[in-house]
*Asks:* 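Handing you a structure now.
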Amino acid sequence: MAGILVNNILPQPPILRSLSSSSRRSSIRTLVMVKASSSEPSESVSVSTKTSDDTGAVVVFTAPPGFKPPEPKRFAVKSGKLFDVLGAAIGLFFRFGTGVFVSGYSASFVSKEEIPADQYALRLGGITVKETAKVGPRPEKPIEIYEFEGCPFCRKVREMVAVLDLDILYYPCPRGSPNFRPKVKQMGGKQQFPYMVDPNTGVSMYESDGIIKYLSEKYGDGTVPLSLSLGALTAITAGFAMIGRMGKGNLYTPAKLPPKPLEFWAYEGSPFCKLVREVLVELELPHIQRSCARGSPKRQVLLEKAGHFQVPYLEDPNTGVAMFESAEIVEYLKQTYAA
């Protein structure tokens, strides 16, 4: 067994660099320990990071004691969580499934021999379905969006992100949060959400409909789905979609801000992913969301990375944890980052 100890200043995303010099005014130093072993990938790396808060106190980020990533269980609902999942799924009805499929989605039945076992396909019993979609130009850098889960206008944009299969660096802005909500006012002049910054073009803007139109023209074929083109009706149905989880993903829960954004594989139409995003937002945890709705080529990428496709899937560079299962991810986030 070998160990590597590194103590250095971590490169930070632009907003975290800005916060370090303004509202946070703290230096971020990191302690990383890597252990090599012959066990599974998710268990072979142990990472611990340390940061200094505003008072100079050291904050340590590490996996909970005795933590072991759970085995993924397809379509399983943890005991006591059924009503949470059903509540999160209500949005699919009100929003006509928007955010479940990538633009240009198509599916066809094929023989199981046609698609090798190491290639992603929808397999249900003896049925194999090949799924494809059409994606537009890909941004070189992740687009940054400041928003929160309980906002219907933010939901509209998240649905378009899923349709376009974009990777987004989300900066959560729940009510009462100390970091990114004030930063939006500093950058754009008002606290209004969603707020988008595209580092690839220098464009920044408020207004959900404007953001949707911009994303469709820049990273799609210019087409906006009908369900996102109905004006006030779109906003109303997006609001109704939150009835089952009323109040979740709205208010800030005191938390420790990590030095690196988490990486979250998910898509807007999944109720399991929604339950995790609520907590990511409430804890104000920056995260890069790897969108992988039905038809996304990133489903194959995750299959190759983790040996299994299932969402949500979380990778935490601050602790080295990589894991499936929404209920366990929620508990992990609260144990690791809640103040």
*Asks:* For Tyr252, does the OH atom have more than 12 heavy-atom neighbours from other residues, nucleotides or ligands under 6.0 Å away?
*Replies:* yes

*Asks:* With a 4.5 Å cut-off on side-chain heavy atoms, are Val85 and Leu275 touching?
*Replies:* yes

*Asks:* Looking only at heavy atoms, which two atoms of Gly150 and Met242 are closest? And how far apart?
*Replies:* O-SD, 3.3 Å

*Asks:* Do Phe272 and Val77 have side chains that approach each other closer than 4.5 Å (heavy atoms only, starting at C-beta)?
*Replies:* yes

*Asks:* Say you draw a straight line from OH of Tyr195 to CE of Met205; how long is it, rounded to the nearest 0.5 Å?
*Replies:* 10.0 Å

*Asks:* Counting C-beta onward and ignoring hydrogens, is there a side-chain heavy-atom pair between Leu333 and Leu262 closer than 4.5 Å?
*Replies:* yes

*Asks:* Could you grab the distance from atom OG of Ser177 to atom CG of Asn250, nearest 0.5 Å is fine?
*Replies:* 11.0 Å

*Asks:* Would you say Glu268's side chain and Val161's backbone share a donor-acceptor pair under 3.5 angstrom?
*Replies:* no

*Asks:* Evaluate the side chain to side chain contact (heavy atoms under 4.5 Å, CB included) criterion for residues Phe67 and Thr62: first the C-alpha distance (whole Å), next the side-chain angles of each, then the deciding distance (0.1 Å), finally the verdict.
*Replies:* CA-CA 10 Å; Phe67 176 82; Thr62 188; over 6 Å; no

*Asks:* Between the main-chain N or O of Lys260 and the side-chain N or O of Asn318, is there a donor-acceptor pair closer than 3.5 Å?
*Replies:* yes

*Asks:* Determine, for Tyr206 and Lys190, whether the Lys NZ or Arg CZ falls below 6.0 Å from the six-membered ring centre while staying within 45 degrees of the axis.
*Replies:* yes

*Asks:* Could you walk me through whether Val157 and Phe193 pass side chain to side chain contact (heavy atoms under 4.5 Å, CB included), step by step?
*Replies:* CA-CA 10 Å; Val157 173; Phe193 305 96; over 6 Å; no

*Asks:* Less than 4.5 Å apart, side chain to side chain, heavy atoms only: is that true for Tyr171 and Pro286?
*Replies:* yes

*Asks:* Spell out, as yes or no, whether a donor-acceptor pair under 3.5 Å connects the side chain of Glu282 to the backbone of Gly249.
*Replies:* yes

*Asks:* What residues form a side chain to side chain contact (heavy atoms under 4.5 Å, CB included) with Ile127, not counting sequence neighbours?
*Replies:* Phe109, Val129

*Asks:* Of the non-hydrogen atoms in Tyr219 and Thr201, which two are nearest, and what is the gap between them?
*Replies:* OH-CG2, 4.3 Å

*Asks:* With sequence neighbours excluded, tell me which residues meet salt bridge (charged side-chain N to carboxylate O under 4.0 Å, His left out) with Arg294.
*Replies:* Glu131

*Asks:* Within a reach of under 6.0 Å around NZ of Lys298, are more than 12 heavy atoms found that belong to other residues, nucleotides or ligands?
*Replies:* yes

*Asks:* Under 3.5 Å, is there a donor-acceptor pair between the side chain of Arg181 and the main chain of Pro174?
*Replies:* yes

*Asks:* Please confirm whether Tyr337 and Phe61 have ring centers closer than 6.0 angstrom.
*Replies:* yes

*Asks:* For atom CZ of Phe240, is the number of surrounding heavy atoms from other residues, nucleotides or ligands below 6.0 Å larger than 12?
*Replies:* no

*Asks:* Could you work out, with side chain to side chain contact (heavy atoms under 4.5 Å, CB included) as the rule, every residue matching Lys112, not counting sequence neighbours?
*Replies:* Thr128

*Asks:* Kindly give the heavy-atom pair with the smallest separation between Ser296 and Ser291, and that separation in Å.
*Replies:* OG-O, 3.6 Å

*Asks:* What is the minimum heavy-atom distance between Pro271 and Ala89, and which atoms define it?
*Replies:* CB-N, 3.7 Å

*Asks:* For the pair Phe264 and His287, name the ring-plane relationship: parallel under 30°, tilted 30 to 60°, perpendicular over 60°.
*Replies:* perpendicular

*Asks:* So which atom in Gly295 and which in Ala133 form the shortest heavy-atom distance, rounded to 0.1 Å?
*Replies:* O-CB, 3.5 Å

*Asks:* Just how far is it from atom CG of Leu226 to atom OG1 of Thr234, taken to the nearest 0.5 Å?
*Replies:* 8.0 Å

*Asks:* Measure the shortest side-chain to side-chain distance between Leu280 and Tyr170 over non-hydrogen atoms and say whether it is less than 4.5 angstrom.
*Replies:* no

*Asks:* Can you tell me if Gln300 uses its side chain to pair, donor with acceptor, with the backbone of Asp118 under 3.5 Å?
*Replies:* yes

*Asks:* Calculate, to the nearest 0.5 Å, the distance between atoms OG and NZ belonging to Ser326 and Lys81 respectively.
*Replies:* 9.0 Å

*Asks:* Decide yes or no for Ser103 and Asp165: does some side-chain heavy atom of the first lie under 4.5 Å from some side-chain heavy atom of the second?
*Replies:* no

*Asks:* With Gln289, which residues qualify under side chain to side chain donor-acceptor pair (under 3.5 Å), at least two apart?
*Replies:* Arg277

*Asks:* Of all heavy-atom pairs between Pro137 and Lys218, which one has the smallest distance, and what is that distance?
*Replies:* CG-O, 3.9 Å

*Asks:* Is Phe180 close to Val184 at the side-chain level, that is, under 4.5 Å between some pair of heavy atoms?
*Replies:* no

*Asks:* Could you note down all residue pairs passing ring-ring contact (aromatic ring centres under 6.0 Å, His included) where residues 289-309 supplies at least one of them, sequence neighbours left out?
*Replies:* Tyr120-Phe309, His308-Phe324

*Asks:* Kindly write out the residues that satisfy salt bridge (charged side-chain N to carboxylate O under 4.0 Å, His left out) with Asp209, not counting sequence neighbours, or none if the list is empty.
*Replies:* Lys156

*Asks:* Just wondering, do Arg95 and Leu228 contact through their side chains at under 4.5 Å, heavy atoms?
*Replies:* yes

*Asks:* Using modelled atom types and a 3.5 Å cut-off, is there a donor and acceptor pairing between side-chain atoms of Glu140 and backbone atoms of Asn200?
*Replies:* no

*Asks:* Taking salt bridge (charged side-chain N to carboxylate O under 4.0 Å, His left out) as the criterion, tell me which of Arg158, Arg175, Arg155 meets it with Glu149.
*Replies:* Arg158

*Asks:* Would you give the length of the straight line joining atom OG1 of Thr336 to atom CD of Glu331, rounded to the nearest 0.5 angstrom?
*Replies:* 10.5 Å

*Asks:* Can you see whether Tyr313 has Arg290 sitting over its ring - NZ or CZ less than 6.0 Å from the centre and within 45° of the normal?
*Replies:* no

*Asks:* Enter the distance from Lys68:NZ to Glu328:CD here, rounded to the nearest 0.5 Å.
*Replies:* 13.0 Å

